[in-house]
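As a basis for the values below, the full set of heavy atoms in this structure was taken, side chains included, without hydrogen atoms, waters or symmetry mates. Remember, it's 1-based here, ligands and their atoms both numbered in the order they're listed. Residue indices begin at 1 and follow the sequence shown.
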Amino acid sequence: MTSVADQSDRAFGFSARNLGRRDSLTFAGGRDFFNQPWQIAPGLPGDQDGLGPTFNGDSCAACHAGHGRGRVPTEAMDPSPGLVLRLSVPGTDPHGGPRPEPVYGVQLQDASTGWAPHEGRFRVTYEPVEGRYGDGTPYTLQRPVYTVGDLQFGPLAPDTMLSPRLAPPVIGLGLLEAIPAAEVIAGADPEDRDGDGISGRANLVWDQTSGRAVLGRFGWKASQPSVAQQTAAALHEDLGVTTPMFPVPNCPVVQVDCARAPLGGTPEAAGPVVERLTFYTRTLAVPLRRPGEVRADARGAELFASAGCGSCHRPVWTTGDDPVSALRGQTIRPYTDLLLHDLGDGLADGRPEYLATGSEWRTPPLWGLGLAQRVTPGTGFLHDGRARTVAEAILWHGGEAEQARERFRTMDASDRDALLAFLASL
Ligand code: HEC
Ligand code: HEC
């Protein structure tokens with residue numbers, strides 16, 4: 001009931017189709033907070049001000065362009081907003097989360113207002129990785145290599161761990177949040193009791209609101225428990241805007257100019273602003289599938305199942321209760337189990353986040369996959385956007401997904417095409 005039919009480059013920007021009148025108004029009230037750039041403080045009363053002083057993007061839309069994924073930096077270009085670099089040193093924070101790099105914090109802010117220096121910048125280069133399909137057809141993947149430089153406060157701590165993260169699409173998130181936690185956890189098989197080589201673990205992460213560890217669902221390692229907390233964290237880390245949840249400006253101790261910069265309010269985004277933004281982000285609709293000819297489509301779906309993709313990319317869920325009535329009791333097809341899986345060394349970042357190890361990632365939803373590059377031309381797939389195509393994304397799968405990858409790699413060309421056509425229709 002929530003899906004929309006639009007297939008254009010604006011397909012990710014609509015509200016759930018079944019939102020009531022009142023909820024539609026709340027949704028409309030969140031749109032500007034997502035799309036309009038935040039201004040440098042001090043602004044005029046009523047301004048959306050308080051950007052930075054250090055930040056990565058000046059609006060949500062700067063990274064989630066068209067509500068889709070980020071653009072991937074090319075070698076020739078300064079990194080575009082859309083890919084961020086997370087930092088941490090070994091150990092954990094008091095709640096079991098990553099321990100911040102002492103001078104730069106948990107994310108490298110590569111931009112700033114005039115009030116303080118930016119923290120540093122990074123560059124990505126790509127190394128070719130050659131391979132062949134089972135039928136002998138060659139392919140070339142690209143492995144990213146990151147170089148951090150232009151650091152304004154001295155070198156990174158020697159044992160700093162880096163994790164590049166591409167901004168993911170932000171559609172259907174309220175629906176994913178409305179899946180009962182107990183059902184997600186029931187799908188986990190940490191000891192692989194069923195012996196299918198696929199374990200699946202739930203991440204348990206700190207929830208600011210309840211003050212305890214709960215199921216993590218959002219982010220590439222499922223490190224955020226709710227859209228509300230993810231939104232407040234984005235305001236804090238990505239934009240440098242304080243909120244009731246994170247009221248202290250994002251300025252590690254040595255960054256004194258940062259801490260002295262004028263504020264755009266205390267906090268800069270008041271409770272109702274964050275609530276509207278959260279409502280907006282939770283109720284962005286997923287486009288309807290665009291299946292092709294019936295028999296070809298059925299063949300693609302069958303190959304998806306027989307290759308074992310659905311063991312992690314679980315096709316169907318039913319949502320439970322939710323504060324937004326439009327999201328309750330919906331049958332949804334996100335193609336994710338919301339669990340962590342070890343995808344092997346090729347994709348590992350070596351940086352743990354709560355219970356997620358350095359080689360585990362949350363299965364990303366596949367809905368909207370076929371429209372990803374229409375909404376964000378030139379974007380890539382996987383957590384760091386390294387895959388230029390969906391086929392490349394599959395070929396990077398290893399670890400628990402090695403068997404599924406091998407089934408894809410060794411399919412004959414017509415079956416590969418059928419599977420890819422199915423994925424493009426999602
Ligand atoms: C500088 C780029 C950047 C900006 C600006 C940004 N985001 Fe993000 N966003 C990201 C990245 C990168 C991730 C993945 C984070 C992770 O893996 O932990 C993400 C993840 C998310 C998610 C989780 C999606 C999912 O499927 O798990 C939501 C929701 C989100 N952002 C909302 C917002 C909102 C709302 C704003 C504006 C207040 C915003 N973002 C601003 C880069 C950005
Ligand atoms: C063991 C669990 C598992 C299996 C099996 C699996 N995947 Fe994945 N898939 C993942 C995880 C986890 C990621 C995220 C990895 C990353 O970003 O580094 C992912 C990422 C993807 C992506 C990129 C999504 C995006 O938003 O960028 C695609 C496409 C994909 N998988 C398709 C498939 C297909 C097709 C199959 C079957 C041939 C398959 N996967 C099998 C767990 C799995």
Side-chain angles (χ1 to χ4, degrees), residues 30 33-34 38 55-64 67 69-70 81-86 107 109-111 163-173 176 197-200 217-224 226-227 230-239 241 269 274 277-278 280-282 284 303-305 307-313 335-337 339-343 346-349 353 359-366 368-369 372 379-387 389-394 396-397 399-409 411 419-420 422-423 426:
F33 294 119
F34 192 92
W38 284 71
F55 63 96
N56 292 95
D58 63 3
S59 69
C60 309
C63 294
H64 302 280
H67 312 91
R69 51 186 83 212
L83 188 83
V84 304
L85 211 51
R86 290 279 167 77
Q107 186 166 307
Q109 275 83 29
D110 58 7
S163 182
R165 304 281 174 97
L166 185 73
V170 289
I171 49 172
L173 300 180
L176 295 179
I198 294 178
S199 58
R217 299 177 195 242
F218 300 107
W220 288 99
K221 290 207 191 237
S223 60
Q224 292 291 354
S226 62
V227 178
Q230 170 79 55
T231 299
L235 285 163
H236 197 246
E237 287 294 328
D238 300 332
L239 288 98
V241 171
V274 186
L277 192 50
T278 303
Y280 180 78
T281 311
R282 290 186 87 240
L284 283 163
L303 289 162
F304 184 85
C309 312
S311 309
C312 303
H313 296 282
Y335 294 92
T336 173
D337 57 5
L339 296 172
L340 299 171
H341 296 276
D342 187 325
L343 280 223
L347 287 172
D349 63 355
E353 209 164 351
S359 49
E360 282 178 323
W361 301 97
R362 177 204 67 166
T363 311
L366 299 181
L369 194 71
T379 193
F381 301 96
L382 299 171
H383 67 273
D384 51 12
R386 71 174 72 182
T389 60
V390 168
E392 287 188 14
I394 304 169
W396 274 110
H397 282 53
E400 290 172 45
E402 185 160 339
Q403 206 180 8
R405 180 203 67 212
E406 280 304 284
R407 288 199 186 120
F408 171 71
R409 197 183 63 80
M411 277 175 195
L419 177 56
L420 293 172
F422 169 74
L423 294 168
L426 298 181

- Task: May I ask you to check if ligand 2 and Thr363 share an N or O to N or O distance below 3.5 Å?
- Result: no
- Query: How does Leu239 reach ligand 1, if at all, at less than 4.0 Å between non-hydrogen atoms: by side chain, backbone, both, or neither?
  - Reply: side chain
- So, His236 versus Phe55, ring centres under 6.0 angstrom or not? no
- Hey, which atoms in ligand 1 end up nearer than 4.0 Å to a heavy atom of Asn56? 1 (C)
- Which protein non-hydrogen atom lies closest to atom 5 (C) of ligand 1, naming both residue and atom, and how far is it? Ser59 O, 3.3 Å
- Could you check atom 17 (O) of ligand 2 against the protein and tell me its nearest heavy-atom contact, residue, atom and distance included? His383 N, 2.8 Å
- Item | Nearest heavy-atom neighbours spanning Lys221 and Leu340 | O-CD2, 3.6 Å
- Message: Any nitrogen or oxygen of Arg217 lying under 3.5 Å from a nitrogen or oxygen in ligand 1? Just yes or no.
- Response: no
- Would you call Glu353 and Arg165 a salt bridge, taking side-chain N to carboxylate O under 4.0 Å as the test? yes
- Stepwise side-chain contact (heavy atoms from CB on, under 4.5 Å) check, Leu343 with Trp396: CA-CA 8 Å; Leu343 280 223; Trp396 274 110; over 6 Å; no
- Note: ligand 2 atoms sitting under 4.0 Å from heavy atoms of His397 are 6 (C), 7 (N), 8 (Fe), 9 (N), 10 (C), 19 (C), 20 (C), 21 (C), 30 (C), 31 (N), 33 (C), 39 (C), 40 (N), 41 (C), 43 (C)
- Leu366 side chain reached by Phe304 side chain, heavy atoms, under 4.5 Å: yes
- Item | Nearest neighbour in protein (non-hydrogen) for atom 13 (C) of ligand 1 | Pro168 CD, 3.3 Å
- Using 2.8 Å as a strict upper limit, say whether an N, O or S atom of His64 approaches atom 8 (Fe) of ligand 1 that closely. yes
- Query: Which atoms of ligand 1 sit under 4.0 Å from any heavy atom of Leu166?
  - Reply: 12 (C)
- Task: Report the nearest protein non-hydrogen atom to atom 35 (C) of ligand 1: residue, atom name, distance rounded to 0.1 Å.
- Result: Cys60 SG, 3.6 Å
- Stepwise side-chain contact (heavy atoms from CB on, under 4.5 Å) check, Thr281 with Leu173: CA-CA 7 Å; Thr281 311; Leu173 300 180; 4.1 Å; yes
- Query: When you measure from atom 21 (C) of ligand 1 to every protein heavy atom, which one gives the shortest distance, and what is it?
  - Reply: Gln230 NE2, 3.3 Å
- Note on the structure: If we number the atoms of ligand 1 from 1 as shown, the ones under 4.0 Å from a heavy atom of Leu235 are 38 (C)
- Note on the structure: Going by the 4.0 angstrom heavy-atom rule, the piece of Arg405 near ligand 2 is neither
- Query: Heavy-atom distance to atom 18 (O) of ligand 1: which of Gln109, Glu353, Arg86 wins?
  - Reply: Arg86
- Considering only heavy atoms of Ala404, which atoms of ligand 2 have at least one such atom less than 4.0 Å away? 5 (C), 38 (C)
- Query: So, do Phe34 and Val170 sit near enough that their side-chain heavy atoms are less than 4.5 Å apart?
  - Reply: yes
- Per atom 22 (C) of ligand 2, closest listed option by heavy atom (Leu366, Leu303, Leu343): Leu366
- Task: Look at the N, O or S atoms of Cys312, main chain and side chain alike, and state whether any lies under 2.8 Å from atom 8 (Fe) of ligand 2.
- Result: no
- If you count the atoms of ligand 2 from 1 in the order shown, which ones are under 4.0 Å from a heavy atom of Gly308? 5 (C)
- Query: Can you find a heavy atom in the side chain of Val227 that is under 4.5 Å from one in the side chain of Leu176?
  - Reply: no
- Task: List every atom of ligand 2 that sits less than 4.0 Å from any heavy atom of Arg362, numbering the atoms from 1 in the order shown and giving each element.
- Result: 12 (C)
- Task: For residues Pro169 and His64, determine if any side-chain heavy atom of one lies less than 4.5 Å from a side-chain heavy atom of the other.
- Result: no
- Does any N or O atom in Phe218 lie less than 3.5 angstrom from one in ligand 1, N or O only? no
- Message: Is there a polar contact between ligand 1 and Trp220, counting only N or O atoms under 3.5 Å apart?
- Response: yes
- Closest protein heavy atom to atom 29 (C) of ligand 1, given as residue, atom name and distance to 0.1 Å: Leu173 CD1, 3.3 Å
- Query: Any chance the rings of Phe408 and His397 have centres within less than 6.0 Å?
  - Reply: no
- Polar side chain donor-acceptor pair, Gln109 to Asp238, under 3.5 angstrom: no
- Task: If you have a sec, work out which protein heavy atom is nearest atom 37 (C) of ligand 2 and how many Å separate them, to one decimal?
- Result: Cys309 SG, 1.9 Å
- Message: Please confirm whether Arg407 approaches ligand 2 to less than 4.0 Å, judged on its heavy atoms.
- Response: no
- Under 4.0 Å from a heavy atom of Glu400: give me the atoms of ligand 2 that qualify, with their elements. 1 (C)
- Query: Which residue from Ser311, Ala393, Ala387 reaches closest to atom 23 (C) of ligand 2 through any of its heavy atoms?
  - Reply: Ala393
- Contact between Pro365 and ligand 1, counting heavy atoms under 4.0 Å? no
- Note on the structure: closest protein heavy atom to atom 4 (C) of ligand 1 is Cys63 SG, 3.3 Å
- Message: Could you identify the single nearest non-hydrogen protein atom to atom 42 (C) of ligand 1 and state the distance to 0.1 Å?
- Response: Ala167 CB, 3.6 Å
- When you measure from atom 26 (O) of ligand 2 to every protein heavy atom, which one gives the shortest distance, and what is it? Arg69 NH2, 3.0 Å
- Message: Any salt bridge linking Arg362 with Asp337? Criterion: basic side-chain nitrogen under 4.0 Å from a carboxylate oxygen.
- Response: no
- Tyr335 and Thr363, any side-chain heavy atoms less than 4.5 Å apart: no
- For atom 12 (C) of ligand 2, the closest protein heavy atom turns out to be Trp361 O, 3.5 Å
- Query: Would one find an N or O of Arg165, backbone or side chain, under 3.5 Å from an N or O of ligand 1?
  - Reply: yes
- Does the gap between the ring centers of Trp361 and His383 come in under 6.0 Å? yes
- One finds that the ligand 2 atoms under 4.0 Å from a non-hydrogen atom of Phe381 are 27 (O)
- Atoms of ligand 2, numbered as shown, that sit under 4.0 Å from any heavy atom of Ile394: 35 (C), 38 (C)
- Query: For ligand 1, which atoms have a heavy atom of Thr281 less than 4.0 angstrom away?
  - Reply: 29 (C), 35 (C)
- Query: N/O to N/O below 3.5 Å, does that happen between His341 and ligand 2?
  - Reply: no
- Item | Enumerated ligand 2 atoms positioned under 4.0 Å from heavy atoms of Leu423 | 35 (C)
- Query: Which residue holds the protein heavy atom closest to atom 14 (C) of ligand 2, what is that atom called, and what is the gap in Å?
  - Reply: Pro364 CD, 3.4 Å
- Yes or no on side-chain contact (heavy atoms from CB on, under 4.5 Å) for Gln107 and Asn56, after CA distance, side-chain angles and deciding distance? CA-CA 9 Å; Gln107 186 166 307; Asn56 292 95; 2.8 Å; yes
- For atom 27 (O) of ligand 1, grab the closest protein heavy atom and report residue, atom and distance to one decimal in Å. Gly219 N, 2.7 Å
- How far is atom 32 (C) of ligand 2 from its nearest protein heavy atom, and which residue and atom name does that atom have? His313 NE2, 3.8 Å
- Message: Evaluate Leu166 against Val84 for side-chain contact (heavy atoms from CB on, under 4.5 Å), listing each step before the verdict.
- Response: CA-CA 7 Å; Leu166 185 73; Val84 304; over 6 Å; no
- Query: Under 3.5 Å between some N or O of ligand 1 and some N or O of Thr231?
  - Reply: no
